[in-house]
*Asks:* 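I'd like to ask some things about the structure below.
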Amino acid sequence: MSFSLTDEQAADGLAVARRTLELLRGVPEFGERYAQAQEPTTLAELAALPPLAKDDLNTALAHLEPSAEQGATWLFQSGGSTGAPKVGYAPTGFYMAKVFEHWQPLDRDDIFVNAWGAGRMWGAHFLAAGLADLSGCRIIALGSVTREEYPEWLGFLADRKVTAIGGTPSVLRLWFAHARAAGIELPSLRKVLWLGEAWQPQLEEDLAVVAPKARRHGMFGSTETWVVGSNTPECPADTFHTFPHQLVHVGDDGLLDFTSLDPAMLNPVLRYRTGDAGELTSCPCGRPGPAMRVLGRRDNVVQVRGLGLHIDELLARVEREPGVTRGQVVITEQGRRAQQVDVLLLTAAGAEPDTDALRRELLSATFTLSTAFVHDPEHVRVRVVDALVGNDRTGKTASFVVREAS
C-alpha cells in the first residue's frame with residue numbers, strides 16, 4: 001500500500017475525506033455503494049473505500065451542485081478532448097494559493113506569457129493567471145493564436161523580452177516550432193510552465209535553438225483534482241512532488257487515485273482515478289519524501305472491432321521513425337464500429353518518412369490492426385499531415401481521437 005503522506009501527516013486532512021464520504025452517501029444514484037463504508041481515520045481505512053471514476057464524479061456533481069463559501073463558483077469542462085465536455089467546479093483563486101506556498105516558478109521580475117486557451121470553459125488559463133497574480137509578475141494574457149499570427153506575436157514577445165511562457169506541450173510546440181522556422185529567438189526566455197499533457201521531449205530540440213536558457217517547470221492535475229503536484233528543472237519530466245493537501249495512493253494495479261484534503265475543495269475527490277498509472281519514488285533532484293512518477297494513461301486502450309488497441313505502444317513505434325516528431329491515431333466509427341484507422345504523422349522540415357513501409361510494419365506487428373482489418377487492410381492508413389487534430393477550445397492535442405463518419 002503506497003501513499004504520498006504518512007498517517008501522521010494525513011491525520012488532520014482525513015476529516016475532509018470523511019466529510020466527502022458523507023456527501024457521496026447522499027447521492028441517490030450510488031445506492032448502497034457507500035452504505036457499509038467505514039469513515040476513514042487511517043490511510044488503510046481510506047484505501048478500503050471504493051475508487052471513483054470520471055462517470056461517478058460527474059454523477060455526484062450533478063446531484064451536489066457545489067458552491068464556494070467565498071468568491072464566485074467557476075464551472076469548467078471536464079474532458080472534451082475526445083468526448084463530450086462535463087462540468088467541474090472551482091472557487092475563485094482555483095486553489096493556487098496553496099500551490100504557491102510550495103512552488104513558486106514565477107517571481108516579481110518575470111514577464112509571463114499565458115498561452116493556455118482562455119475560452120470555452122477550460123480552466124488552465126485562469127489557473128495560471130491566478131499563479132501569476134500571486135507571484136506579482138507582469139503577465140501577457142495571450143491565449144490562442146492562429147497560424148498566420150505567430151510571426152508577428154513572436155516578434156512582439158522578443159521585443160518585450162519575455163522571461164516565461166506557459167501552455168500545454170502541444171501549444172508550446174507550435175510556438176517554438178514557428179519561432180525556429182521563422183528564425184526568431186527568445187534569448188530572455190528562462191522558464192516554460194506546462195500543464196495538461198505529458199511533456200514532449202521534442203520540445204527540447206526547438207528550445208535549444210529558440211531559447212537556450214529556458215527550463216521547464218511542470219504541473220500535474222486535472223479539472224477534477226486541480227493541481228496535485230509540480231516539478232522543477234532538476235526533476236525528470238514525468239516526476240512530480242505532490243502537495244500536502246493532495247493525497248496520492250497507488251493501488252495494487254498500479255493505478256493512481258487522488259483524495260483532496262483541502263476543506264475548500266468543491267469537487268468530491270475521494271479516491272478519484274484519472275486513468276493514470278504511476279508509482280511513488282525518490283526524485284533525483286534530492287528533495288526528501290516520496291515523489292509521484294506518472295507512467296502513462298491506462299485508459300489509452302481503445303476498442304477497435306472488439307479488440308483492444310494500445311494507443312501508446314503504437315505511437316511509441318511511429319515516433320521512433322526518423323523525421324517523425326509526433327503521431328496521432330484517428331479512429332472513424334459508424335454505428336460504434338471502427339470503419340477506419342488513420343495514423344497521422346507530424347514531421348520535421350524536409351523529412352520524408354516511408355509511410356507505406358511503416359503502414360505495412362504496423363499491420364504485421366500490431367495484433368489488433370492485423371486481426372480486426374484482415375479483410376479490409378486498406379482501411380488502415382499512415383499519413384503525413386501539416387497539423388494533428390486538436391481541440392480548439394483547450395489547445396490540447398490528444399494521442400487519439402474517435403470520430404463519427406459523416
Side-chain angles (χ1 to χ4, degrees), residues 4-5 9 13 70-71 74 90-116 118 123-142 157 160-169 171-172 186 188-199 203 207 211-223 225-248 258 260-265 282-294:
S4 59
L5 301 173
Q9 291 170 328
Q70 295 182 338
W74 291 70
T92 299
F94 318 107
Y95 314 103
M96 292 309 287
K98 287 184 178 293
V99 172
F100 192 69
E101 290 176 9
H102 304 279
W103 186 66
Q104 299 179 11
L106 300 173
D107 57 52
R108 192 167 186 82
D109 294 329
D110 278 315
I111 302 174
F112 171 59
V113 177
N114 188 346
W116 277 282
H125 181 94
F126 306 97
L127 177 152
L131 179 68
D133 183 63
L134 291 165
S135 74
C137 70
R138 285 172 285 175
I139 180 170
I140 300 173
L142 199 56
L157 301 183
R160 297 305 303 171
K161 295 181 171 57
V162 298
T163 62
I165 189 171
T168 63
V171 168
L172 293 170
L186 301 171
S188 300
L189 190 68
R190 296 179 286 110
K191 304 169 183 178
V192 178
L193 279 61
W194 55 283
L195 168 71
E197 298 169 340
W199 178 258
L203 270 166
L207 279 172
K213 295 180 181 178
R215 300 293 181 267
R216 55 171 171 74
H217 300 259
M219 292 175 276
F220 178 90
S222 70
T223 313
T225 63
W226 295 89
V227 179
V228 170
S230 63
N231 63 26
T232 70
E234 288 72 40
C235 308
D238 62 357
T239 302
F240 301 84
H241 296 274
T242 56
F243 302 121
H245 63 285
Q246 296 276 17
L247 178 65
V248 181
F258 304 91
S260 175
L261 305 183
D262 183 357
M265 173 62 80
S282 59
C283 182
C285 76
R287 180 174 167 178
M292 176 184 67
R293 183 182 178 210
V294 181

*Asks:* Is a donor on one side and an acceptor on the other found under 3.5 Å between the side chain of Trp103 and the backbone of His241?
*Replies:*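 Looks like no, no N/O pair under 3.5 Å.
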*Asks:* Would you compute the distance between atom CG of Leu142 and atom NE2 of His125 and round it to the nearest 0.5 angstrom?
*Replies:*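 Output value for this atom pair is 9.0 Å.
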*Asks:* To the closest 0.5 Å, what do you measure between CG (Leu134) and CD (Glu101)?
*Replies:* 10.0 Å
*Asks:* May I ask you to test the Ser135-Phe100 pair for a side-chain heavy-atom distance under 4.5 Å?
*Replies:* yes
*Asks:* Measure the spacing between CE of Met96 and CE of Met219 and express it to the nearest 0.5 Å.
*Replies:* 5.5 Å
*Asks:* Working to the nearest 0.5 Å, report the span between CG of Asn114 and CD1 of Ile165.
*Replies:*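 One gets 9.5 Å once the value is rounded to the nearest 0.5 Å.
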*Asks:* Any idea which heavy atoms bring Trp194 and Pro169 closest together, and the distance?
*Replies:*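 In terms of heavy atoms, the two residues are closest at CE3-CG, 4.1 Å.
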*Asks:* Give me the ring orientation class for Trp116 and Phe112: parallel if the planes are under 30° apart, tilted from 30 to 60°, perpendicular past 60°.
*Replies:*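 Tilted: the ring planes of Trp116 and Phe112 meet at 30° to 60°.
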*Asks:* Does any part of the side chain of His102, heavy atoms only, come nearer than 4.5 Å to the side chain of Ser230, both counted from C-beta?
*Replies:* no
*Asks:* Given Cys137, which of Asp110, Ile111, Thr163 fulfils the side chain to side chain contact (heavy atoms under 4.5 Å, CB included) condition?
*Replies:*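 Only match with Cys137 under side chain to side chain contact (heavy atoms under 4.5 Å, CB included): Asp110.
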*Asks:* Answer yes or no: is there a donor N or O on one side and an acceptor on the other, between the side chain of Lys191 and the main chain of Pro105, under 3.5 Å?
*Replies:*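 Yes; judged by distance alone, with no hydrogens or angles, the pair exists.
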*Asks:* Quick one: CH2 on Trp226 to CZ on Phe220, what's the gap to the nearest 0.5 Å?
*Replies:* 14.5 Å
*Asks:* Given side chains that start at C-beta, do those of Leu127 and Val99 come closer than 4.5 Å, heavy atoms only?
*Replies:*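 No, every pair of side-chain atoms sits at 4.5 Å or beyond.
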*Asks:* Are Leu106 and Ile139 packed together at the side-chain level, in the sense that at least one heavy-atom pair is separated by less than 4.5 angstrom?
*Replies:*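 Result no, sub-4.5 Å side-chain heavy-atom pair not found.
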*Asks:* If you look at every heavy atom in Met292 and Thr242, which pair is closest and at what distance?
*Replies:* CB-CG2, 3.9 Å
*Asks:* Among Thr232, Leu207, Asn231, Leu203, which one satisfies side chain to side chain contact (heavy atoms under 4.5 Å, CB included) with Arg216?
*Replies:*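 Looking at Thr232, Leu207, Asn231, Leu203, the match for Arg216 under the side chain to side chain contact (heavy atoms under 4.5 Å, CB included) is Asn231.
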*Asks:* With side chains defined as the heavy atoms from C-beta onward, is the minimum distance between Val227 and Phe243 less than 4.5 Å?
*Replies:*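 They are in side-chain contact.
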*Asks:* Should the pair Trp74 and Phe94 be assigned to parallel (<30°), tilted (30 to 60°) or perpendicular (>60°) ring geometry?
*Replies:*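 Perpendicular.
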*Asks:* How long is the gap from OG1 on Thr225 to CE on Met265, to the nearest 0.5 Å?
*Replies:* 6.5 Å
*Asks:* How close do Gly166 and Leu172 get, heavy atom to heavy atom, and via which atoms?
*Replies:*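 Minimum heavy-atom separation between Gly166 and Leu172: C-CD2, 4.1 Å.
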*Asks:* Between Ser4 and Leu247, is a side-chain contact (heavy atoms from CB on, under 4.5 Å) present by the stated rule, with each step listed?
*Replies:* CA-CA 6 Å; Ser4 59; Leu247 178 65; 3.9 Å; yes
